[in-house]
Amino acid sequence: MYHAGVPIEVMLASYYQKRGSKEIAHVNQEPEQQKKIDEAKLAEWHVIEGKHAGRLVLGEEAQAVRQKLAHRIMDSRYVVTLKQEEDSPTRVKARWCLLGHRDPDLSAKALEGALQSPTISQVSRSMLFQTIASNRWTLALGDIKGAFLAAGPLAERYRPLYARLPPGGIPGVPPDSLIEVTGHVYGLNDSPSAWQQKLHKVLISVGFKVSRFDACLYQLRDQGGKLVGIYGVHVDDCATGGEGAVYDSAMKQLKEQFEFRKWRTLDGDFCGARYTQCSKTFAITMSQAKFANNLRPLHLSRSRCANRDAPLDEKEISCLRAINGSLNWISSQSRPDLSTQVSFSQQSFPKPTVGDALAANNAIRRAKQHADLSIVYRPVPMAELAIVCHSDAAYANAKGGATQAGYVLGFTHQDLERGFTCDWSPAYWKSHRLPRVVNSTLSAEAQSMSGAASMCEWLSLLLAEIRDGPCCAQSLWDVPRRPPCTLVTDCKSLFDHLKSPSAPSLDDRRTSIDIVIIRESVRRMSASVRWIPTDRMLADGMTKGAADALDLLRACMRSGKYQISPEEDVLEWRANERNRRKLVAERRAKFSAHLVSLINK
């Protein structure tokens, strides 16, 4: 916002509005509510003391610290919220936090790389839940209590470190006291990194091995190398599944190391979504219905809506930016049917119009209309699991004449290649404007497929590692039993170029390079390339907002089924339909000519 020239007053108002929508005032509340807030504050402080993350500095010691180590004193505050967790009643929660931007060691920590902490990617998250479903393991979801506080003591090079009491103080603590920070409390910029390193060490010590492709995905194998468990991490939340004595022992040791605030099987929250597993089929359903129903549109007057080309004012732009953030989250996590509208809305910046705001409101309406749409990871056996990639591009249909592209990667059964109707679950998808200007549909389709094939390679490597065990990434392509992959396009000319053994003979050499790159990906993955008509292209909904394209995508998500017919059959059906249409047209023409001749008589 700053670089876009937004006034500082608007940014501050936006910040306080966002903060105020989640927090509640920690003072001057009704007596009953204030009592709950004070109890929550005191409970939080007891947790910090119990974890040896902080101690009170009183009286003369506090005065000496102020005189000699004033530059090592930070400010702090309580973040008080009303916490609603799954089916539990609402409770008051108080979190004591330091103001991290005033950390005297911030520059040193940045130079050391201590401010970076990984989170699980969408691809790895899909792989995690698909693995649990495919192996028919019971899904378990956990949340570690006071995760950052469990990261261990503060490094000696960053000590001593002190903090002032938060505004309003701590119930029962003298107001002139200080707090010595001895552990990784919330607000310290290196706390997430310290926690991730601590958890990593513990997981490795109990037998897990970290994935080469995601630092937040762990796998557990028995002495024979068989996969017996998998563990995914997102900060202090975890999702896991497994079976056998090795897995049970590892989880027992993990629970002895950390205190889990909650531990649920078959049903729970993870990464902002609800996961439910069927106890009979072991299929896992991911839903964000609650998030979708809580989306709020940008309200515009009727007179304002009449001029769709009018620019939005600063407040409206700020609201649209917030809407885009919410829509981007749900579209990237569980609702691929919203991806195109979200991408178009993002492309409207830095000068969005009323029409762009109305389009974003329509996306919210669509999100609510299909709020029950979910992703289901189906129990396709790991040995039979395959990857299918649909890629598409819509030439010059984006803002400023740019080309919109998109792809959908899905998990399916290897029999899909043989023409059977098989289980299908979306694993990763993307709708975006092509970074390079193109001059033809073939060029657009080739550039889109090139990016889609690279992501397909990544998912294929991740699946191979989970299925067959960790090894050098390069040698994964040399194993005799690679995960089956299928690349699907509705561009017949691209399909012909990819199937032809000849070098691409195109005037546009950039397109020729893209085709060569795709051929190399196909060779490395031992993938097959398939052509389908546009009305069966799942990625069509990633490039345009047409109802027919989105209906197909939603239908496949709801049914969890997909099928690819042999190209010869589809081409024959299309040729027969073309001939039938011509025959009907000829008969109509002859009939019309006959009527004219009768009239002329």
Using a 4.5 Å cut-off on heavy atoms from C-beta on, say whether the side chain of [Y] contacts that of [X].
| X | Y | value |
| --- | --- | --- |
| M542 | K430 | no |
| S211 | L462 | yes |
| I466 | Q219 | yes |
| R433 | F344 | no |
| L295 | F291 | yes |
| F495 | V529 | yes |
| S500 | R519 | yes |
| Y562 | T421 | no |

Quick check against the 3.5 Å criterion: does [X] have a side-chain atom that pairs as donor or acceptor with the backbone of [Y]?
| X | Y | value |
| --- | --- | --- |
| Q196 | V235 | no |
| N294 | K290 | yes |
| R335 | Q288 | no |
| N135 | W137 | no |
| D415 | R418 | no |
| S332 | W329 | yes |
| Q277 | F282 | yes |
| T412 | D423 | yes |

Side-chain donor-acceptor contacts of residues 396-407 below 3.5 Å, not counting sequence neighbours, with atom names and distances?
from	atom 1	to	atom 2	distance (Å)
N397	OD1	Q404	N	3.3
N397	ND2	T543	O	2.9
K399	NZ	D356	OD1	2.8
T403	OG1	A396	N	3.0
Q404	OE1	Q347	NE2	2.9
Q404	NE2	S343	OG	2.9
Q404	NE2	S431	OG	3.0

First locate atom [atom1] of [X], then atom [atom2] of [Y], and finally report the distance between them rounded to the nearest 0.5 Å.
| X | Y | atom1 | atom2 | answer |
| --- | --- | --- | --- | --- |
| M127 | Q122 | CE | CD | 13.5 Å |
| S460 | M455 | OG | CE | 13.0 Å |
| L300 | N307 | CG | CG | 11.5 Å |
| E465 | L227 | CD | CG | 10.5 Å |
| S345 | N324 | OG | CG | 3.5 Å |
| I518 | L494 | CD1 | CG | 5.5 Å |

In plain terms, say whether [X] and [Y] are close enough for a salt bridge, that is, a side-chain N and a carboxylate O under 4.0 Å apart.
| X | Y | value |
| --- | --- | --- |
| D496 | K492 | yes |
| R136 | E243 | no |
| D267 | R274 | yes |
| R436 | D514 | yes |
| R366 | D337 | no |

Any idea which heavy atoms bring [X] and [Y] closest together, and the distance?
| X | Y | result |
| --- | --- | --- |
| L338 | S331 | CB-CB, 3.9 Å |
| M557 | S334 | CE-O, 3.9 Å |
| L538 | C556 | CD2-SG, 3.5 Å |
| Y395 | V438 | CE1-O, 3.6 Å |
| V123 | L459 | CG1-CD1, 3.6 Å |
| W429 | Q333 | CH2-O, 3.5 Å |

Original post:
Hey, mind stepping through E417 and T486 against side-chain hydrogen bond (donor to acceptor under 3.5 Å, both in side chains) and telling me if it holds?
Top reply: CA-CA 7 Å; E417 179 62 24; T486 303; 3.3 Å; yes

Sequence neighbours excluded, the answer for side chain to side chain donor-acceptor pair (under 3.5 Å) partners of K368 is none

- prompt: Taking the six-membered ring for Trp, are the ring centroids of W458 and F213 within less than 6.0 Å of each other?
  reply: yes

Over 12 foreign heavy atoms within 6.0 Å of CG, D535 | yes

| message | For a side-chain hydrogen bond (donor to acceptor under 3.5 Å, both in side chains) check, start with the C-alpha distance between S448 and S391, then their side-chain angles and the critical distance, and finish with the verdict. | response | CA-CA 7 Å; S448 176; S391 173; 3.0 Å; yes

Exercise. Are Q447 and R510 close enough, and set up right, to give a side-chain hydrogen bond (donor to acceptor under 3.5 Å, both in side chains), and what steps lead you there?
Worked result: CA-CA 9 Å; Q447 189 179 157; R510 178 59 59 182; over 6 Å; no

Please tabulate, for the side chains in residues 374-389, all donor-acceptor contacts under 3.5 angstrom to protein atoms that are two or more places apart in sequence or on a different chain.
from	atom 1	to	atom 2	distance (Å)
Y377	OH	S126	OG	3.3
E384	OE1	H413	NE2	2.6

